[in-house]
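Comments concern the structure below.
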Amino acid sequence: QVHLVQSGGGLVQVGDSLRLSCTASGRPFGDYAMGWFRQAREKEREFVAAISSSGQKIDNANSVKGRMTISRDNSKNLLFLQMDSLKAEDTAVYYCAGTETPNIGNVYPYWGQGTQVTVSS
């Protein structure tokens with residue numbers, strides 16, 4: 001079992017930066033891949049980025065490439081999403097999520113509580 005608690009988020013202006021954090025507990029953090037997803041109002045949840053258990057492999061959605069960076073600190077059970085050059089369309093509730101495998105996959109049984117990011121123009 002994995003428990004994920006998110007922090008960060010808030011209201012920023014277009015072009016600003018923001019960093020989201022996700023603290024994991026339960027299974028050894030270095031054993032499983034992690035991801036970030038987001039859901040804008042009245043839209044389906046969408047993939048943002050994922051990182052393998054070791055941090056060596058990363059996958060990003062085309063919409064955030066070059067602007068958002070996923071990273072992890074396995075020594076501190078922390079997952080991060082650094083968001084730069086934010087756009088109004090990045091406004092959404094962001095979720096961290098955990099898999100049950102070391103490699104990036106499509107199944108995420110574990111989810112954080114979500115955190116609102118609002119980018120104002």
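- Sorted by first and then second residue, the salt bridge (charged side-chain N to carboxylate O under 4.0 Å, His left out) pairs involving residues 105-119 (not counting sequence neighbours) form an empty list.
- When every heavy atom of M34 is checked against every heavy atom of G98, the shortest pair comes out as SD-CA, 3.5 Å.
- Here the closest non-hydrogen pair linking G30 and S53 is O-CB, 3.3 Å.
- Under the 3.5 Å distance criterion, the side-chain polar atoms of Q39 are left unmatched by any main-chain donor or acceptor of G114.
- For the pair V117/L18, a side-chain contact is recorded, criterion being any heavy-atom separation below 4.5 Å from C-beta on.
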field: Test side-chain contact (heavy atoms from CB on, under 4.5 Å) applied to T115 and L20, step by step
entry: CA-CA 8 Å; T115 185; L20 304 182; 4.0 Å; yes
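- Listed by chain and residue number, R72 satisfy the side chain to side chain donor-acceptor pair (under 3.5 Å) test with N74 (two or more places apart in sequence, or in another chain).
- Evaluation of the side chain to side chain donor-acceptor pair (under 3.5 Å) rule for S75 yields D73 as partners, not counting sequence neighbours.
- With sequence neighbours left out, the side-chain contact (heavy atoms from CB on, under 4.5 Å) criterion links S85 to R67.
- Residue-environment remark: CD (Q56) stays at or below the threshold of 12 foreign heavy atoms within 6.0 Å.
- Residues that satisfy the side-chain contact (heavy atoms from CB on, under 4.5 Å) test with K65, not counting sequence neighbours, are N60, N62.
- Taking CG of L79 as the reference point, atom OG of S71 lies at 7.0 Å (rounded to 0.5 Å).
- D90 pairs with exactly one of V12, V48, V119, V14 by the side chain to side chain contact (heavy atoms under 4.5 Å, CB included) rule, that one being V119.
- In this structure, the side chains of L4 and T23 stay at 4.5 Å or more apart for every pair of heavy atoms.
- Residues L78 and F80 are in side-chain contact: their nearest non-hydrogen atoms beyond the backbone lie under 4.5 Å apart.
- The salt bridge (charged side-chain N to carboxylate O under 4.0 Å, His left out) check on E46 picks up R38, with sequence neighbours excluded.
- If you chain together hydrophobic residues whose side chains sit under 4.5 Å apart, V5 and V2 never meet in one group.
- Under the side-chain contact (heavy atoms from CB on, under 4.5 Å) criterion, S17 pairs with Q82, D84, not counting sequence neighbours.
- Distance OG/S120 to CD/Q13: 4.5 Å, rounded to 0.5 Å.
- Legend: side-chain hydrogen bond (donor to acceptor under 3.5 Å, both in side chains) pairs involving residues 96-107, not counting sequence neighbours, sorted by first then second residue: E100-Y110.
- The side-chain contact (heavy atoms from CB on, under 4.5 Å) search around T118 returns L11, T91, Q116, not counting sequence neighbours.
- Grouped by direct or indirect side-chain proximity (heavy atoms under 4.5 Å, Ile/Leu/Val/Met/Phe/Trp/Tyr only), Y108 sits with F37, F47, V93, Y95, I104, W111.
- In this structure the side chain of M83 reaches within 4.5 angstrom of the side chain of Y94, judged on heavy atoms.
- Residue pairs satisfying the salt bridge (charged side-chain N to carboxylate O under 4.0 Å, His left out) criterion with at least one member in residues 10-29, sequence neighbours excluded, are absent.
- The two residues P102 and A33 come nearest to each other via the heavy atoms O-CB, 3.7 Å.
- Atom OG of S52 is separated from atom CD1 of I58 by 7.5 Å, given to the nearest 0.5 angstrom.
- Residues forming a side chain to side chain donor-acceptor pair (under 3.5 Å) with S25 (at least two apart in sequence, or on another chain): none.
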